[in-house]
K.L.:
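Starting off with a structure, shown below.
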Protein chains: 2
Amino acid sequence: MSSDSNSSIQQIPEPTLRRLPLYHQLLSEKHSEGAKNISCTEISNILGFTAIQIRKDLAYTGAVGRSKTGYNVKELLYILEDILGYTKTKDALIVGAGNLGLALMGYDGFKNYGLNIVAAFDTDPQKTGKLFHGKAVFDISELEKLAKEKGIKIGILTVPSAFAQETADLMVNAGIKAIWNFAPVKINVPDDVLVQHENLASSLAVLSHKLDNLTSVQRNE
Amino acid sequence: MSSDSNSSIQQIPEPTLRRLPLYHQLLSEKHSEGAKNISCTEISNILGFTAIQIRKDLAYTGAVGRSKTGYNVKELLYILEDILGYTKTKDALIVGAGNLGLALMGYDGFKNYGLNIVAAFDTDPQKTGKLFHGKAVFDISELEKLAKEKGIKIGILTVPSAFAQETADLMVNAGIKAIWNFAPVKINVPDDVLVQHENLASSLAVLSHKLDNLTSVQRNE
DNA sequence: TAGATTGTTAATCGATTAACAATC
DNA sequence: TAGATTGTTAATCGATTAACAATC
């Protein structure tokens, strides 16, 4: 049964997966408002996706709705929390205690997503040995020891681009199996380690490009 | 000629647009190393995309390569900087001086992307009237005045989800035309305002889901 | 010249959207 | 029952990949 659910989870397409947290957020809001059921039409009106797309997305999660009434809010919420891993807390480390790293260290929102940031690492003696947002910053030389001791598999990489690769290597050595990379460069890792890119430059490119078009269209009107 | 380039830019697909900053980053590295030309094969080896995809992406930018030699590094760099808007600096405001907002305010990288963060806004008296990373945090009531005075069109939204919509409304009133939304909720804005979502929860969902599959596969081996 | 490389047209693949049957 | 809503199969759309001609 559990291996069965694993294999079905495996084939959730990434675009769908990226929308699931939005459904979850809406569902938990509705739940706290006391809603018992919710239909795709209602979700569609609020989130702006088509009802068909929502139905298809939810089908991937294995959720089952009922004609006329829609989906049970509580049940759907549990299913989403399970798939998104919000129920079982996962420990993570931050490497690079610059502005972004420290901000992520203090970002309360992660708790809701089942992510527990244990500590951060840096080379700067101005940072190491101190607490930020109640969490310790250690020297990078301690990374391997602490990661292995606590069996931590997730690392958040927030060093400058120039140091991204060598830092990633250290993380791999320390047994990290998933790297959330905030540096805008590609990093090479062994096959059994996965990298998730978070590229603010890419998002900004989309934004500024759309804005360019918007203003150039308005000029021509 | 300039309207011509606008209409051609307009149809760059978003996936391509998101890859352009990575090409730019690589090109600027190669340029500083003194490289004169670069081929798709070489880019492919470094970034891990297929050479065909890279050629297609670059075709969208209007860049022209030469058989056998590839693309001129300097020329391609200029084209990318132009399309990505790195050459002309755009002013932006941050609304929400929490951890994430303050981090983005201090994030040096934005300069390279042509984004100049002018100031931040918050309601918290502990924050307002002070400088962070050399930039001022004003009370939210000053938003409209300052935005209009300086003609600022880009706003970065980093308030808690619960306040995202009302804050977005204030930004729209202040004349902001592009909102980079870091709150994990949908916000409603008029048609002439664009919203770019930056959802860390979505990325984290993809990461943790892939990690789940990775570990469950390894268990079954 | 031969071979590497670009640029373009066609084929494939996957996600979104549409259509419609099933059901409460 | 009638009508709203789910769930599924088919059609469409767009991005990626493949094939190949053009070119330096």
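Each chain gets a letter, A, B and so on, in the order its sequence line appears, and its residues count up from 1.
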K.L.:
Under a 4.0 Å threshold between the charged nitrogen and the carboxylate oxygen, would A:Lys150 count as salt-bridged to A:Asp91?
P.N.:
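Result for this pair is no, no salt bridge flagged.
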K.L.:
Send over the distance from A:Asn37 CG to C:dC24 P, rounded to a whole Å.
P.N.:
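That distance rounds to 14 Å.
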K.L.:
Could you state the NZ-P distance from B:Lys68 to D:dC24, rounded to the nearest angstrom?
P.N.:
13 Å
K.L.:
Could you check whether the rings of B:Phe110 and B:Tyr113 sit parallel, tilted or perpendicular, using 30° and 60° as the cut-offs?
P.N.:
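The arrangement is perpendicular - the two ring planes meet at more than 60°.
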K.L.:
Flag the pair A:Lys36 and A:Glu75 as a salt bridge only when some basic side-chain nitrogen lies within less than 4.0 angstrom of an acidic carboxylate oxygen.
P.N.:
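No, A:Lys36 and A:Glu75 are not salt-bridged.
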K.L.:
Without decimals, in angstroms, what is the distance between A:Leu76 CG and D:dT5 C1'?
P.N.:
15 Å
K.L.:
Output the rounded distance in Å from CD1 (B:Ile43) to P (C:dG7).
P.N.:
11 Å
K.L.:
At under 4.0 Å, does any side-chain N or O of B:Tyr71 touch on OP1 or OP2 of C:dG7?
P.N.:
yes
K.L.:
Taking atom P of C:dA15 as reference, at what distance in whole Å does atom CD of A:Gln11 sit?
P.N.:
11 Å
K.L.:
Quickly work out the A:Ile54 CD1 to C:dA15 P distance and round it to whole Å.
P.N.:
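Nearest whole value for this atom pair: 18 Å.
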K.L.:
Nearest-Å distance, CD1 (A:Ile52) to C1' (C:dA18)?
P.N.:
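Distance, rounded to whole Å: 6 Å.
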K.L.:
Can you tell me how far CD of B:Glu42 sits from CG of B:Leu47, rounded to the nearest 0.5 angstrom?
P.N.:
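Spacing of CG (B:Leu47) from CD (B:Glu42) equals 10.5 Å.
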K.L.:
Please pick, from C:dA15, C:dT6, D:dC24, the nucleotide with the shortest atom-to-atom distance to any side-chain atom of A:Pro13.
P.N.:
C:dA15
K.L.:
Does A:Ser67 get its side chain close enough to the base of C:dT23, under 3.5 Å, for a donor-acceptor pair?
P.N.:
yes
K.L.:
Send over the distance from B:Asn45 CG to C:dT5 C1', rounded to a whole Å.
P.N.:
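Answer to the nearest Å: 14 Å.
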K.L.:
Could you tell me the Watson-Crick or G-U partner of C:dC24, where both distances fall under 3.5 Å? Say none if there is no partner.
P.N.:
D:dG3
K.L.:
Under 4.0 Å between any heavy atoms, over every strand shown, what does B:Arg55 touch: base, sugar-phosphate, or nothing? Just pick one.
P.N.:
base
K.L.:
Does B:Arg19 put a side-chain nitrogen or oxygen below 4.0 Å from OP1 or OP2 of D:dT16?
P.N.:
yes
K.L.:
Identify the nucleotide, in any strand shown, that forms a Watson-Crick or G-U wobble pair with D:dT8, with both distances under 3.5 Å; if there is none, say none.
P.N.:
C:dA19
K.L.:
Out of D:dC24, D:dT16, C:dC24, which has the shortest distance to the side chain of A:Arg66?
P.N.:
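Nearest to the side chain of A:Arg66 among the choices is C:dC24.
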K.L.:
Paired with D:dC13: which nucleotide, if any, by Watson-Crick or G-U wobble criteria at under 3.5 Å for both distances?
P.N.:
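D:dC13 is paired with C:dG14.
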K.L.:
Tell me if the CZ atom of B:Phe163 is crowded by more than 12 foreign heavy atoms within 6.0 Å.
P.N.:
no
K.L.:
May I ask you to verify whether the side chain of B:Lys56 and the base of C:dT8 hold a donor-acceptor pair under 3.5 Å?
P.N.:
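Side chain to base: no pair below 3.5 Å.
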